S.K.: 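Take this structure first; my questions come after.
In this text the structure is predicted, and so the values were computed from the model without any measurement. We count residues from 1, following the sequence as given.
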Amino acid sequence: MIHDTHPRYLAREPAQGLEVILELRQASEWVPISRGTSDENGRISTLTDGPLTPGTYQLTFDTGAFHRDQGLSVAFFPEVKITFNVRDPDEQLPRAAVAQPVRYSTYRGT
């Protein structure tokens, strides 16, 4: 289960209103399985109702729309994609991203 996807803006402010899409890789295609928008605390409390099956997943953060909403005319990174593997369906998988106009980083969290 993915709990607490946590996009941050400039490493100190919550990224409120950032859309995130969760996709599952099936053969050579990415299939969207869930989406959410970060709240006023920059969090999406859950993207799934239950555990994820083993497989390869991708979180796509729509940083282009978010940065336009912040006043930037063109975002350097229109999307941030984080691809990860799930081996244990019972493992909680927090994913976080810190976005700035010209760079981003990610970490697993706790």
S.K.: Distance check, rounded to the nearest 0.5 Å: L24 atom CG versus I33 atom CD1?
M.R.: 5.5 Å
S.K.: Tell me the closest heavy-atom pair linking I21 and P32, and the distance in Å.
M.R.: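 Minimum heavy-atom separation between I21 and P32: CG2-CB, 4.3 Å.
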S.K.: Do I82 and F61 have side chains that get closer than 4.5 Å, going by heavy atoms?
M.R.: yes
S.K.: If I compare all heavy atoms of Q58 with all of W30, which pair ends up nearest, and what's the gap?
M.R.: CB-CZ3, 3.5 Å
S.K.: List the atom of V31, the atom of Q26, and the distance in Å for their closest heavy-atom pair.
M.R.: CG2-OE1, 3.4 Å
S.K.: Can you tell me how far the CG atom of D88 sits from the CG atom of L52, to the nearest 0.5 Å?
M.R.: 11.0 Å
S.K.: Would you mind reporting whether T83 and Y57 have side-chain heavy atoms less than 4.5 Å apart?
M.R.: no
S.K.: Under a 3.5 Å distance rule, please check whether R35 uses its side chain to pair with a backbone N or O of T37 as donor and acceptor.
M.R.: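 Checking the backbone N and O of T37 against the side chain of R35, no donor-acceptor pair under 3.5 Å is found.
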S.K.: For a 4.5 angstrom cut-off between non-hydrogen side-chain atoms, does D62 reach V20?
M.R.: no
S.K.: Report the C-alpha distance between L59 and L47 in whole Å, list the side-chain angles of each, state the deciding distance to 0.1 Å, and finish with yes or no for side chain to side chain contact (heavy atoms under 4.5 Å, CB included).
M.R.: CA-CA 10 Å; L59 286 170; L47 283 172; 3.5 Å; yes
S.K.: How about D39 and I44: do any of their side-chain heavy atoms sit closer than 4.5 Å?
M.R.: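 Not touching, per the 4.5 Å side-chain cut-off.
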S.K.: If you look at every heavy atom in P89 and P51, which pair is closest and at what distance?
M.R.: O-CB, 2.9 Å
S.K.: For K81 and T60, which heavy atoms make the closest approach, and how far apart are they?
M.R.: NZ-OG1, 3.3 Å
